[in-house]
Every structure is written in structure tokens, then in C-alpha cells.
Amino acid sequence: MEVLRPQLIRLGGRIYRKNPIQEQTYQHEEEDEDFYQGFMECAEEPCDAYEVVQTQQGFRCTVKAPSLLYKHIVGKRGDTRKKLEVETKTSISIPKPGQEGEIVITGQHRSGVISARTRIDVLLLTFRRKQPFTHFLAFFLNEVEVQERFLKFQEEVLEKCSMDHGVDSTIFQNPRKLHLTIGMLVLLSEQEIQQTCEMLQQCKEEFIDDISGGKPLEVEMAGIEYMNDDPGMVDVLYAKVHMKDGSNRLQELVDRVLERFQASGLIVKEWNSVKLHATVMNTLFRKDPNAEGRYNLYTADGKYIFKERESFDGRNILKWLDGAVCTVQRVLPEIVLHSNVDSGVWCPHLISAHLSYGLLSATRHWAALPRK
């Protein structure tokens, strides 16, 4: 970690810096207390954003958290919870493993309760970020006609560029999964899934219909780009997406959806705007056809893993497709919450009202137009 660019964590309108020195002590994933000791130095200041109730015995505050994260608050042999209780002079009650509920913090002093709450939030956020992504929000681009034209695009690329390093059929997107990703989520309970569905409905009622005018939004996929610096060592190749009428409505729509989910904590704030694109080739697909978005480098237990990627030479593809227009005719009229599953089938969760604001359409096709 760079000293001048430490990792920042946002909680309750405040920004905390993750200690770059003590963080190095987190070498054994089971020993949560080692991590806690170095990390809690950034969470000392109390925050007034929490709801603390005064009782006859003192003060009380509750924390909602999925049961999968309880163990990180308890720590090995209960050491993390004990350290929290001693340092903040509070008592912390945590539901049993597998039982959903609330973490309850009680203490004689309001400042101590708030301090414990702040530290618990930091721990929860940190270990949530180490969970594999479970869901994502997206527009689909997988109408039958689009799939057929994408397969034609893939066939032509393989015919013209198969001799280039790393170019083969395994790195192409599954045509049934062509989509525009709005954001990646880690949803660890049914309550969080339901919260996401309700938030989508709120977005529809509060601003999506206004932005779209209740009419289809026509989009065009024109040109391709790559996501790293060297065209000879490409990991992701994508088609650029924009409104056919030149307006900014689609960008405004997805940015406001992203902002709403970031404010709720369901999506970690890493950027302020959605990069509208449709991935067509990704080297993660070589070993994991279900890979989506930024690869998460941690297992469900919070253990760091390394995923080696074999890049491909995209120079001839970029030269051949320079100026090409790759467009789609129709897209399913909804933002959908999907789960990442090992079977390769993306399973939509029930959303009370699929968002009918945007039949995204355009006029041309996936077959690449040669450069003039």
C-alpha cells in the first residue's frame, strides 16, 4: 500500500484511513484479533450518526449484520469481542452462528457505546469487502438476434486473429450473458436481497420514469476499447455504449442508481460514475466462465487468493475493428438483480416490478465493419 494513498473507508459521513503498517500483521486469516489490534486505531472518534437509546441501565445501540459476518466480531476464541468490550467499557451481545438478528451494544457511557459501534462497523465493512461478489445489477443485451450477431462477430475474430497470442474461443463472453453492468454487490442474507429489490422499486418510482419519460431508450454500441495500458497484453475487451440520440439520459440513470446503492452501503463506493460498456472478451473466462466484473481476490472465509490471468494480443483485433459499429437491436426492458452461481445459469431474484422504463434498442448489428 502506498503511504500517500492509503485505503479509505467511509462510515456515517466520515472517512477513516486503514492503517498501512499494522495491516501487515494480518498474515493468518483465522487470527482476527491480530487484524483488530492494528486496524482499530482509525476508529477512535465517536460518530453522532448512530441511534443510541438511553435505558435505566445506561445506553444501548444495535447493529444489523448478516450472520456470516458474526465470527469476525467474535474473533478466535472470542478475543476480538473481549478486546472491544474492555477497550470501550461495553457489553456486546452477538446472536449464535446461523441465527439472524441484531448485535446489541450496552454500556454505562454513551461515548463508549458509540465507540464500540464505530469499531464494529469498520470490522463489518472490512470483512464484507473480502467476500466474493454474490450479485450484480445489469441491463441485458441478450435478445436472440443479438446473440446470433455476436456469434458471427466471434467467428470472424477467431478466423482473422486466432494466431495472435492468447486469442481463443474460451475468452469470449457467453452470448446469453451479454449485458451492461451497473454495479457488483455482496448480499449475505435474504434481508439484504429483499432490501435490494425494494431499492430498485424506489429508484423506478423516484427518478427512472422521469429520466426515461416512460419511453424506450435507444442505445448504440459503437467501437471497442481495452481496459489496460498495453494493446499487446489485453485482459478485457469491451464495446462502448452510448445513447443513439446523443443525450446523456442512460448515463444519468445508471449513475443515480449507483449513487443510491452506494449510499445504502450495498455497493462499495469505488467510483462516482458507471462506465457504460459491454464486455465481449475477458481472460478471466478461461478458467471461470461465470466471472463477472472485478475479480474478488478473497474466499468466503476472507482468505486471500491469487488468480493468474493469461492476457491476449489485441492489436490486430483493434486494428481490424477500428471505426467499427457494433450495435444491438433490442434489450430486455429491465434492470435485473442476478446472482453469480457455479452452474453458469444466472438466476434472477423476484423483483416486485421489473423496471419497464427502457427498451434499449439500436439499428445495426454485431458483425464488425472493416476499417475504411
Engineer: What's the shortest heavy-atom distance between T62 and R117, and which atoms?
Structural biologist: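 Nearest pair, atom of T62 first, then R117: O-NH1, 3.0 Å.
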Engineer: Of all the heavy-atom pairs spanning M199 and S264, show the shortest one and how long it is.
Structural biologist: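 Nearest heavy atoms, M199 then S264: CE-CB, 3.4 Å.
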Engineer: Quick check: closest heavy atoms across F312 and R286, and the distance to 0.1 Å?
Structural biologist: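 Minimum heavy-atom separation between F312 and R286: CB-NH2, 4.1 Å.
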Engineer: Measure the spacing between CZ of F153 and CG of L151 and express it to the nearest 0.5 Å.
Structural biologist: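 Nearest 0.5 Å value for the CZ-CG distance: 11.0 Å.
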Engineer: Enter the distance from E198:CD to Q191:CD here, rounded to the nearest 0.5 Å.
Structural biologist: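 Reported to 0.5 Å precision, the distance equals 11.0 Å.
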Engineer: Work out which heavy atom in Q262 is nearest to a heavy atom in E270; give both atom names and the distance.
Structural biologist: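 That would be NE2-N, 4.1 Å.
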Engineer: According to the salt bridge (charged side-chain N to carboxylate O under 4.0 Å, His left out) rule, which pairs have a member within residues 251-265, sequence neighbours left out?
Structural biologist: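 The answer is E206-R260.
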Engineer: May I have all residue pairs that pass ring-ring contact (aromatic ring centres under 6.0 Å, His included) and include part of residues 230-252, sequence neighbours excluded?
Structural biologist: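 Sorted pair list: Y238-H277.
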Engineer: Could you measure the distance from the OH atom of Y50 to the CD1 atom of I120? Nearest 0.5 Å is fine.
Structural biologist: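 Answer for the OH-CD1 pair, Y50 versus I120, is 9.5 Å.
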Engineer: Report yes if some heavy atom in the side chain of E148 is under 4.5 Å from a heavy atom in the side chain of V144; otherwise report no.
Structural biologist: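 Heavy-atom side-chain distance check passes, below 4.5 Å.
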Engineer: With a 4.5 Å cut-off on side-chain heavy atoms, are T134 and I193 touching?
Structural biologist: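 I193 does not reach T134 side chain to side chain.
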Engineer: Donor-acceptor pairs under 3.5 angstrom involving side-chain atoms of residues 89-106: please list them, not counting sequence neighbours.
Structural biologist:
| unit_1 | atom_1 | unit_2 | atom_2 | d |
| --- | --- | --- | --- | --- |
| T90 | OG1 | T88 | OG1 | 2.7 |
| E100 | OE1 | S67 | N | 3.4 |
| E100 | OE2 | S67 | OG | 2.9 |

Engineer: Consider only side-chain N and O atoms of Q201 and E205, and report whether a donor and an acceptor are under 3.5 Å apart.
Structural biologist: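 Their side chains do contain a donor-acceptor pair, which is all the 3.5 Å distance test asks for.
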